[in-house]
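Remember, it's a predicted structure, so these values are computed and weren't measured experimentally. Reckoned from all heavy atoms, side chains included, excluding hydrogens, waters and symmetry mates. Numbers restart at 1 for each chain; the letters A, B, ... are given by sequence-line order, proteins then strands.
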2 protein chains.
Amino acid sequence: MSATQRRNTRQRQVVLEELRATRSHPTAGELYHSVRDRLPRISLGTVYRNLDILQETGDVIRLAGCVGQEARYDGNPEPHLHLQCQRCQRVCDLDTVLPVLDDLVGSTLEGHGIDGYHVILRGVCRHCRNGG
Amino acid sequence: MSATQRRNTRQRQVVLEELRATRSHPTAGELYHSVRDRLPRISLGTVYRNLDILQETGDVIRLAGCVGQEARYDGNPEPHLHLQCQRCQRVCDLDTVLPVLDDLVGSTLEGHGIDGYHVILRGVCRHCRNGG
DNA sequence: ATCGTTGCAAAATATTTGCAGTTGA
DNA sequence: TCAACTGCAAATATTTTGCAACGAT
């Protein structure tokens, strides 16, 4: 087996409540500030630890972050699809899927005044599905 | 006017060449190592500076990074679209666009063995388009 | 000659972790 | 009880920056 037994601590509850109470996609530091209004002695480390756990349990989505927070670069400036694997964190191209999705994204977003974009899908890559 | 006059330095050339020579979406640190095989005295700071410039000129795409590298969190675990603005860096939901895009992404990716995903679009948000 | 760029080292920013005490189940 | 959890502080990791020397134009 794997997942350890979780305890329903007040700190974890409040972190989740505060996150659910906003639509601003806060950073950990921003969330720390709003949580502190209710739990003045909570530490930033605890906020980070609980966000990790809540992401693991699927209650929270972590955006724009990969392990270690390192940015990744792509030498191909043409818009194309990327898949960032949620297990191994590697990023790979999904060139084959591009044309149809690109058409749809483009035509859908045109009506929204968004003139440039690229897409990062997050899922589990083929390699990790097969290997474990 | 805005953009300063660029100089075509060897360091910048090699950073771009090495990035174009791989499909692995390397981090700045990884790229630094491969560039050093050719330019042993280059510094990590120079790699970062050139990646910034190359992104500005559109030769390179920076993935999974936002200003200051802070991760952002979302308390709504339902798959939905996000737009991260390339000017103001804010993340906003694009709920209205979801249904059609979600259908397409889902059916397209099913055939690729990807069982979970979310989408981050990067573009310019309505607020920045109107305000400057 | 000018000024954008570099290497280096230090600073700033963001996240993780060791530890001893606390607390939910 | 007892292991998951906490606050705190120190450590790591990632990125940016000041500065004097360098080099492309």
Side-chain angles (χ1 to χ4, degrees), chain A residues 1-19 25-57 59-73 84 89 91, chain B residues 1-19 25-57 59-73 84 89 91:
Chain A
M1 300 304 294
S2 59
T4 39
Q5 187 59 36
R6 302 291 178 206
R7 285 178 188 174
N8 189 19
T9 64
R10 181 105 185 95
Q11 286 88 340
R12 187 125 76 231
Q13 284 166 24
V14 174
V15 166
L16 184 55
E17 283 168 18
E18 289 297 313
L19 185 54
H25 304 83
T27 64
E30 288 164 356
L31 203 48
Y32 169 60
H33 280 107
S34 51
V35 168
R36 268 221 300 198
D37 291 344
R38 294 172 58 189
L39 300 176
R41 304 196 56 77
I42 198 173
S43 71
L44 181 55
T46 295
V47 172
Y48 271 109
R49 277 183 290 221
N50 278 313
L51 285 170
D52 273 357
I53 290 171
L54 289 168
Q55 186 203 210
E56 238 176 70
T57 58
D59 293 302
V60 154
I61 293 175
R62 178 178 183 150
L63 298 172
C66 51
V67 156
Q69 291 309 114
E70 281 184 275
R72 291 182 175 275
Y73 296 85
Q84 180 167 35
Q89 305 301 325
V91 176
Chain B
M1 302 302 293
S2 59
T4 39
Q5 187 60 34
R6 301 289 179 208
R7 285 178 189 172
N8 189 19
T9 64
R10 181 105 185 96
Q11 286 89 339
R12 187 127 74 231
Q13 284 166 24
V14 173
V15 166
L16 184 55
E17 283 170 17
E18 288 299 313
L19 185 53
H25 305 82
T27 64
E30 288 165 355
L31 203 49
Y32 168 60
H33 280 106
S34 51
V35 167
R36 268 221 300 198
D37 290 344
R38 294 172 59 189
L39 300 177
R41 304 196 55 77
I42 198 173
S43 71
L44 181 56
T46 295
V47 172
Y48 271 108
R49 276 182 292 221
N50 277 313
L51 285 170
D52 272 358
I53 289 171
L54 290 167
Q55 185 204 209
E56 238 177 71
T57 58
D59 294 302
V60 155
I61 293 175
R62 177 179 183 147
L63 298 174
C66 52
V67 156
Q69 292 310 114
E70 282 184 275
R72 290 182 175 276
Y73 297 86
Q84 180 167 34
Q89 305 299 326
V91 176

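Atom-to-atom, OH of A/Tyr48 to C1' of D/dT12 comes out at 13 Å; the value is rounded to the nearest Å. Between B/Leu51 atom CG and D/dT14 atom P there is a gap of 15 Å when expressed in whole angstrom units. Distance, B/Gln13 CD to D/dA24 C1': 11 Å, rounded to whole Å. In this structure, B/Tyr32 atom OH and D/dA13 atom P are separated by 16 Å, rounded to whole Å. In this structure, B/Arg10 atom CZ and D/dT25 atom C1' are separated by 18 Å, rounded to whole Å. Atom P of nucleotide C/dT6 and atom CG of B/Asp52 are separated by 12 Å, given to the nearest angstrom. Rounded to whole Å, atom C1' of D/dC19 lies 10 Å from atom CZ of B/Arg49.
Axis angle, first five pairs versus last five pairs of the helix from C/dA1-D/dT25 to C/dA25-D/dT1: 40°, rounded to 10°.
Between the CG atom of B/Leu39 and the CD atom of B/Gln13 there is a distance of 9.5 Å, given to the nearest 0.5 Å. Put simply, OG on B/Ser34 and CD on B/Glu17 are 11.5 Å apart, with the number rounded to the nearest 0.5 Å. Summarising the geometry, atom CG belonging to B/Leu19 is positioned 7.0 Å from atom CG belonging to B/Leu51; distances are rounded to the nearest 0.5 Å. Rounded to the nearest 0.5 angstrom, A/Asp59 CG and A/Asn50 CG are separated by 11.0 Å. Atoms CZ and OG1, from B/Arg6 and B/Thr57 in turn, are 7.5 Å apart once rounded to the nearest 0.5 Å. To the nearest 0.5 Å, atoms CG (B/Leu54) and CD (B/Glu56) are separated by 10.0 Å.
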Write out a two-atom table: protein N or O, nucleotide N or O from nucleotides 2-5 of chain C, distance below 3.5 Å.
from	atom 1	to	atom 2	distance (Å)
C/dC3	O2	B/Arg7	NH1	3.0
C/dC3	O2	B/Arg7	NH2	2.5
C/dG4	O4'	B/Arg7	NE	3.4
C/dG4	O3'	B/Gln5	O	3.4
C/dG4	N3	B/Arg7	NH1	2.8
C/dT5	OP1	B/Arg7	N	3.2
C/dT5	OP1	B/Arg12	NH2	2.4

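Among A/Arg38, A/Arg36, A/His33, the single residue meeting the side chain to side chain donor-acceptor pair (under 3.5 Å) criterion with A/Glu18 is A/Arg38.
The shortest side-chain heavy-atom distance between B/Ile42 and B/Val14 does not fall under the 4.5 Å cut-off.
Sorted by residue number, the members of residues 35-42 of chain B with any non-hydrogen atom under 4.0 Å from DNA chain C read B/Arg41, B/Ile42.
A/Ser43 and A/Tyr32 get closest at one heavy-atom pair: C-CE1, 3.6 Å.
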